[in-house]
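Here's the structure we're looking at; comments come further down.
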Amino acid sequence: MPTPHSPKTERRESGAVRLDTAVQFLKGIGERRAEQLGRLGIRTARDLLWHLPHRYVDASSVTPLVRAEVGQEVACVGQVVAKGVLPTRKGLRIFHAVLRDDSGVLECVWPGQAFLDRSIAVGQTLLVSGPVRFYHGRQLAPREFVILADADGDSDPLASGKVLPVYPATEGLSHKVLRGLIERHLDALIALSDDVLPEPFRRAAGLRPLAEALRAVHRPESAEDAERGRRRLAFDELLDLQLMLIRARAIAKRQRSGVAFEIKRDLTSRLREHLPWELTGDQQRALREITADMTSAERMHRLLMGDVGTGKTVVALFAMLLAAENDFQAALMAPTELLAEQHAATLEWLLAPLEIRPELLLGRQTASEKAAVRARLASGQARLAVGTHALMQESVSFRRLGLVVIDEQHRFGVEQRAALIGKGAAPDVLLLTATPIPRSLALTLYGDLDVSTLRQRPPGRGLVRTAVRLASQRERVLEFVRRECSGERQAYVVLPVIEESERADLRAATTMSQALQARWPELRVGLVHGRLKPDEREGVMRRFRAGEIQVLVATTVIEVGIDVPNATIMLIEHPERFGLAQLHQLRGRVGRGEGESYCILLSDAPAPDRLHAFAATADGFRIAELDLEERGMGDLIGARQSGGFEVRHARLPADADLLGQARELALKLIGADPALQRAEHQRLRERAVARFPRAVELFRVG
Ligand code: ADP
Ligand code: MG
């Protein structure tokens, strides 16, 4: 906060505004405005310049109010002609506002948001966007609204025929005021901005100068103009990200000091001989890639990505045996005890003919059991270890840890992974993930890793049929579930919330489990959700796996988890509440045995296209693409959990071409000047470091 200086000195300085001048000293911004801007993260002139519109509207992109049809997603602009708060019979308070434009009127409703009555006033012009539904007539239920103009008699801001930038605003600081402030200072601030992208590269990539791009995003001539501007900013961002990732990868590889595993054809060959099936083509390819990494002098840092059921475990096992036959130890860490036990059981089964037993280390074992396992790991007597977080505890040591495998790697924090990896001198690292993502996104999130992918599924696995069903078919669906479960089968029933009180309009897991148990006294119905203690949860899951429970009602906690071949039904309530990738993860819980499996999406309203698209494909990569288009990158970047990855301008997969160009350029730059120390790269380095805090260490000079 800019208080230590007396306002006088700063004012004099403000004759020459710089990008790091505090916003408070810009014309038209006083202390109160500065405080409001601060709430949007805008503290300096630079922040104001980089506070970009998150959307644009013009007359062609908004729907006239009378043409907003039930079932559609629309954006509309209109003036508030009436408003108020209505209580409903259930005690929910609904804020509603009637909008008018040249075409007519439309009612907007915000259930449970009575507080809006304080910020929305008659006479204001609102931009609203969201779904239109039918409830005592057409109603728009806005997901987002922006006050475009105050009630003070402004004319319709779209009337000029221009494209209107819409900025993220905050309470007390209307969108109109914010837009005015940015507009007022824009030219001066753009003149101060510094294009660090070397001219020849900029031209080669067909991108416009930074100043032009900034002008286009803030003050576009047309929607295409704004988009071309955004792409220039996206390129810079992707370039910085790639510079960081490629540098990180180079450093990680350099740290390996020459340990190369040899192909001994001992344990690995024996496993291959005794394997009950042929490896799929994808498994063989992944294994070749892993073997090449492990036998090279560089350190392996590889991600094995494949949908549930594509057979990652056996690939990991081959890698572990390659380490073991070189007289190194290998450890496989899983996020839950159940998963670790499952892996141990799989490994034991596959390794039985080789007469090797993996050690299992879990938190719930007795102290003496754990001590015995630890002793065998420390002495080197045990070559393969499987376990949970217990493996990375301080008390655990290995004689010679050569390979670390981490299943569901995103479930572990960076430090947790590092804790296990740190137990070897410089072990190779293989990360597993069952969340496939498109290549473009993989390069963004995992640009510092090598990636192997499994797309094919092993043959002979049960097929999963996906069906979308309506509420009117609920009875028939439930009867089907009952019939299957009265035979040999088991079912999952998934709901979006635990308790009804969380969302009055949604069915909840707790109530559902009671209702189903009452309805089906002959079956045992279990319940798991995120508010149970981990051991309670695992206890219920264990009973489900043992067949003591036939119907498992759950929230998404079962997303990652158990392999119950006998479970053949996945019934999902309110499927529209889930992301596509999440639905796909849920679907992956069935189809793991021989029999035919079913994934049933039980939807209250006519299901949107996205659910039908989901039902039509079983390809996790395709679904990942759809999911990415639907949700944008923000969320997915969050999945990486390592912080400092926020991507603001780029959109994937739409910007995949830019990403390719940025990566190529980054490879060239880092190849020629690994730490970007040359004078002509200095400003590029500074910008990457300023944008991604993680890059600070990577580009530390020296
Ligand atoms: P993932 O961890 O990728 O979800 P798993 O490793 O658990 O998948 O494998 C899923 C199932 O497929 C397991 O029961 C495994 O034994 C089996 N399996 C793996 N590879 C093959 C193969 N090549 N042919 C037939 N079955 C396979
Ligand atoms: Mg697995």
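These figures come from a predicted structure and were not determined experimentally. All ligand and atom numbering here is 1-based and tracks the order in the structure.
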- Message: Once you restrict to heavy atoms under 4.0 Å, what part of Glu278 touches ligand 1? Side chain, backbone, both or neither.
- Response: backbone
- Query: atom 5 (P) of ligand 1: which of Thr313, Asp407, Leu339 has the nearest heavy atom?
  - Reply: Thr313
- Under 4.0 Å from ligand 1, counting heavy atoms only, is it the side chain of Thr346, its backbone, both or neither? neither
- Item | With sequence neighbours excluded, residues passing ring pair (Phe, Tyr, Trp, His ring centres under 6.0 Å) with Phe578 | none
- Query: What do we get for Thr310 next to ligand 1 when only non-hydrogen atoms under 4.0 Å count, side chain, backbone, both or neither?
  - Reply: both
- Do any N or O atoms from the side chain of Glu484 and from the backbone of Arg489 form a donor-acceptor pair under 3.5 angstrom? no
- Any nitrogen or oxygen of Gly311, main chain or side chain, under 3.5 Å from a nitrogen or oxygen of ligand 1? yes
- Item | Backbone or side-chain N or O of Lys312 under 3.5 Å from ligand 1 N or O | yes
- Message: Please report the interatomic distance NE2(His584) to CG(Leu626), rounded to the nearest 0.5 Å.
- Response: 11.0 Å
- For Arg399, salt bridge (charged side-chain N to carboxylate O under 4.0 Å, His left out) partners two or more places apart: Asp327
- Ligand-side contact atoms (ligand 1) for residue partner Asp307, heavy atom cut-off under 4.0 Å: 3 (O)
- Does the cation-pi check pass for Arg465 over Tyr598, that is, NZ or CZ under 6.0 Å from the six-membered ring centre and within 45° of its axis? no
